[in-house]
Amino acid sequence: MDHHDEDDAHLSSQIVEEEDLLFDDGPSEQPSLDETTGNADIDKITAQHSDIDETLRVRLAGPSTSKVNYHALQRLFTFIEFLINYYFPIQAGMDSVDKAKVNEIIYEVSKGSSFFENERKKDNAVTGRINALLSKYERIKNDVLSEEFIIVDNMIEELEDERDLNQCIVHIDMDAFYASVEELDQPHLKTVPMVSFAFQAVGGIGMLCTSNYEARKFGVRSAMPGYIALKLCPQLKIVPLNFSKYREASAKVRSVFEQYDPHYCPMSLDEAYLNITEHLKTTNKSPPEVVVEIRDKIFKETLLTASAGIAANKMLAKMCTDVNKPNGQFYLKSELADIQEFINPLSIRKIPGVGRVTERVLNALNVNTCKDIYPQRAMLYKLLSDISFKFLLRAHLGIGSTSVDSEYVRKSISVERTFRSLSSRTDLYFKLKDIAQKLAKDLESKNLCGKTLGLKIKLTSFEVRTRAKTLPGNIYKQEDLEKYASQLLEKELPVSLRLMGIRLSSLCSRDEIDQKGVKRVGICTIF
DNA sequence: TACATACAC
DNA sequence: CATGGTGTATGTA
């Protein structure tokens, strides 16, 4: 896992590749087919009864699994299944027949572990947050909110000024990237459920990085512990990671991107944004034709397939990628009507930046699809922060950034490790030295130093704590990292830990500082 | 600034 | 038996 690819500086340690959204979100966005479609009824909002089984199961099932409303959805299940098979008859991973069973198995296997208990705690915290929001709502629900409607509608007008429909943005995502690369070398793996793994973690197989589409049919996904995957699919074939191979394949893919947008922005080894507006001026081809050409070239170069989304901005392009994966693409025309039609029926979970928790919160406020945001706008304006609210409004309007740029300014750098539970002073300080050394090495290779030092610890109970201190000057040496991190650790003792990490932020280049660690400020004159 | 959370990959 | 690592943003005190 040691990559020194400077090009990948900020990506080099990404282990888990893209989430398996196919398996997940099929059913959860389907309530829009139900009678709940249409304007969310503001009076239907009721206090959340914390259904531990339901929310916890979803939480345990992993980051990419969205809510399954067992009560409401059970009824819809056959219908949804029919629809999915009708619209996506051959897509692997869409086979969600056993989704409830998968979550059940994960739940049963996890039950009682420290991890589980911690998840339960986090889940309860979210329920508490939701109830607080709902009681806030109770107090305002009878207000007319006419002022708020006016404010929000003005806001919408302002946001409309941000809208730029003149760019053609493409989001490209390699299909089951690591698994597909492995299948090139070992074609027999294509027909068996297979995963790549990493993280020896504390024992056993470790955490899974990616799975092929055969494995996804069993509910096996990235970021799942190996032993649970084996429970779901005992015949699972587990393959070790070969990062150099993935980087090699990625370089070939990127050389194709380069031809269409020299400023393309890679998000990981297997994913990137391109702005093909300029390229389109050099050809008679339409945007989707160009993207077919790009995917074609990728295939010829690597024998790997990619999926793509084409739209007016990055958010929409990313959402479009999801529509026809794997090995497909979707073009959303840059017309207001088309954009609205595309966005409205989508589950809010499809909005990049809306995860499990936000989905739960919004669902509690009767916002299930992007369309629901609009009728609820005055209420949401009252209940959410300005930033969160504007974020939702932009999503609803289909407004997003069109800036595709590979420039990157790092804001922090860190090293963290998980290990078998440690509690003796000696062991803990030895670990800390080890981590400080790794961080010092990274700082060295990137020529960085910084003055805010953070310590992260995860107790054996999975409780996470972070402690930070801003120092008078910049540091980068192992001894300094170790010294200040030790001071922070000291105050936490005694503890039994399963993880330790050190982070350095408020960074600057070592070239910019003098011997005292004081940042040398460029003399700015007005002459 | 310090800390906890949420999210992406 | 057993649940990762790196980085960003945001809310809150």
Side-chain angles (χ1 to χ4, degrees), chain A residues 1 3 8-21 59-64 106 109-110 112-119 122 125-126 129 173-174 177-178 197-210 221-231 241 266-272 318 349 351-361 384-388 390-391 408-421 435 438-439 442 451-456 458 462-471 488 498-507:
Chain A
M1 258 180 282
H3 353 145
D8 281 327
H10 64 294
L11 312 166
S12 59
S13 45
Q14 286 172 193
I15 309 294
V16 175
E17 67 170 288
E18 194 202 336
E19 289 175 7
D20 177 359
L21 290 167
R59 182 179 268 279
L60 288 167
S64 58
I106 295 171
V109 172
S110 307
S113 66
S114 302
F115 177 80
F116 176 94
E117 290 309 321
N118 190 254
E119 290 302 300
K122 291 199 279 184
V126 172
R129 255 183 63 193
D173 192 305
M174 301 299 295
F177 186 54
Y178 303 162
F197 77 91
F199 308 128
Q200 210 58 44
V202 184
I205 304 161
M207 300 278 283
L208 307 181
C209 281
T210 188
R221 285 188 310 266
S222 61
M224 181 179 270
Y227 75 98
I228 287 187
L230 283 172
K231 194 134 288 181
L241 285 172
M267 301 303 290
S268 62
L269 286 179
D270 75 317
E271 199 181 323
K318 177 150 180 57
R349 185 68 164 81
I351 301 168
V354 173
R356 292 193 314 260
V357 173
T358 311
E359 182 188 32
R360 255 189 81 191
V361 171
L384 305 180
S385 73
D386 186 62
I387 290 177
S388 312
K390 278 192 175 135
F391 168 81
Y408 168 73
V409 181
R410 176 192 287 278
K411 300 204 169 102
S412 74
I413 182 166
S414 67
V415 172
E416 67 186 58
R417 287 292 176 271
T418 294
F419 39 78
R420 206 178 302 280
S421 165
I435 288 165
K438 287 181 164 67
L439 182 56
D442 290 354
K451 65 190 178 80
T452 302
L453 181 131
L455 175 75
K456 172 175 171 180
K458 192 189 281 177
F462 284 85
E463 180 198 338
V464 175
R465 295 181 194 163
T466 59
R467 299 291 180 256
K469 184 159 181 61
T470 298
L471 308 165
L488 295 174
R498 69 178 342 270
L499 172 145
M500 213 187 283
I502 304 178
R503 171 175 303 267
L504 197 61
S505 48
S506 313
L507 300 177

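Chain identifiers are assigned alphabetically (A, B, ...) following the order of the sequence lines, protein sequences preceding nucleic acid strands; residue numbering begins at 1 within each chain. Values in this document were obtained by computation on a predicted structure and should not be read as measured data.
Using a 4.0 Å heavy-atom criterion, one finds that V109(A) contacts no nucleic acid atom at all. When heavy atoms are screened at a 4.0 angstrom cut-off, K469(A) is found touching the sugar-phosphate backbone but no base atom. Within 4.0 Å of V126(A), counting heavy atoms only, lie sugar-phosphate atoms of the nucleic acid but no base atom. Within the nucleic acid shown, I413(A) comes within 4.0 Å of sugar-phosphate atoms alone, with no base atom in reach, counting heavy atoms only. R503(A) comes within contact range of at least one nucleobase, with a heavy-atom separation under 4.0 Å.
In this entry the distance linking CZ of R59(A) with C1' of dC7(B) reads 12 Å, nearest Å. Across the protein-nucleic acid pair, N118(A) atom CG and dG4(C) atom P stand 11 Å apart, rounded to whole Å. Between the C1' atom of dT3(C) and the CD atom of E463(A) lies a distance of 17 Å, rounded to the nearest Å. In this entry the distance linking CZ of R410(A) with P of dG7(C) reads 4 Å, nearest Å. At whole-Å resolution of the value, CG in D270(A) and P in dA8(B) are 15 Å apart. Residue K122(A) contributes atom NZ, which lies 13 Å from atom P of dA4(B) at whole-angstrom precision. Distance CZ (R420(A)) to C1' (dA2(C)): 10 Å, rounded to an integer number of Å. Rounded to a whole Å, the CD1 atom of I502(A) is 14 Å from the P atom of dG5(C).
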Checklist line | side chain to side chain contact (heavy atoms under 4.5 Å, CB included) between C209(A) and L241(A), intermediate numbers included | finding: CA-CA 8 Å; C209(A) 281; L241(A) 285 172; 3.6 Å; yes
Next item on the list: Check step by step if side chain to side chain contact (heavy atoms under 4.5 Å, CB included) holds for Y178(A) and L269(A).
Entry: CA-CA 9 Å; Y178(A) 303 162; L269(A) 286 179; 4.2 Å; yes
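OP1 or OP2 of dA2(C) has not a single side-chain nitrogen or oxygen of K231(A) nearer than 4.0 Å. Here R360(A) does not reach the OP1 or OP2 of dT5(B): none of its side-chain N or O atoms lies under 4.0 Å away. For dG5(C), the OP1/OP2 oxygens have a side-chain nitrogen or oxygen of T418(A) closer than 4.0 Å. S412(A) has no side-chain polar atom (N or O) that falls below the 4.0 Å cut-off from OP1 or OP2 of dG7(C). Between S385(A) and dT10(C), a side-chain N or O to OP1/OP2 separation shorter than 4.0 Å is absent. Proximity of R129(A) to the phosphate of dT5(B): no side-chain N or O atom is located under 4.0 Å from OP1 or OP2. Close to dC3(B), at under 4.0 Å from its OP1 or OP2, lies no side-chain N or O of T466(A). Proximity of Y408(A) to the phosphate of dG7(C): no side-chain N or O atom is located under 4.0 Å from OP1 or OP2. Residue K318(A) places at least one side-chain N or O closer than 4.0 Å to OP1 or OP2 of dC9(B). Put simply, K458(A) has a side-chain N or O that comes within less than 4.0 Å of OP1 or OP2 on dG4(C). Phosphate contact (OP1/OP2 of dG4(C), side-chain N/O of R498(A), threshold under 4.0 Å): present.
Two residues are said to be in side-chain contact when any heavy atoms from C-beta on lie closer than 4.5 Å; R467(A) and K456(A) fail this criterion. Between R503(A) and V415(A) there is no side-chain heavy-atom pair separated by less than 4.5 Å.
In the set dG7(C), dA2(B), dA6(B), the nucleotide with an atom closest to the side chain of S414(A) is dG7(C). Comparing dG11(C), dT3(C), dA4(B) by their closest approach to the side chain of F462(A) singles out dT3(C). Here the side chain of A468(A) is nearest to one of dG7(C), dC3(B), dT3(C), namely dC3(B). Side-chain proximity of R465(A) to the nucleotides dA4(B), dA2(B), dT3(C) is greatest for dA4(B). Between dT6(C), dG11(C), dT3(C), one nucleotide has an atom nearer to the side chain of I387(A) than all others, and that is dG11(C). When distances are taken from the side chain of K456(A) to each of dT8(C), dT6(C), dC7(B), the shortest belongs to dT6(C). Nearest nucleotide to the side chain of M207(A), out of dC9(B), dG4(C), dA4(B): dG4(C). Comparing dC7(B), dT6(C), dA2(C) by their nearest atom to the side chain of Y227(A) picks out dA2(C). Here the nucleotide nearest the side chain of T470(A), chosen from dT1(B), dG7(C), dA4(B), is dT1(B).
Checking S506(A) against T452(A) by side-chain atom types alone, a donor-acceptor pair falls below 3.5 Å.
For the pair S113(A) and V409(A), nearest-nucleotide mapping onto DNA chain C gives the more 5' position to S113(A). Of the two residues contacting DNA chain B, namely I351(A) and S506(A), the nearest-nucleotide position lying further toward the 5' end is that of S506(A). Map I228(A) and D442(A) each onto its nearest nucleotide of DNA chain C; the residue landing nearer the 5' end is I228(A).
Contact annotation: side chain of S110(A) to base of dT3(C), donor-acceptor pair present below 3.5 Å.
The backbone N or O of I106(A) lies less than 3.5 Å from a partner atom in the side chain of S110(A), making a donor-acceptor pair.
The existence of a salt bridge linking R356(A) and E359(A) is excluded, since no basic side-chain nitrogen approaches an acidic carboxylate oxygen closer than 4.0 Å.
With sequence neighbours left out, the ring pair (Phe, Tyr, Trp, His ring centres under 6.0 Å) criterion links F115(A) to F462(A).
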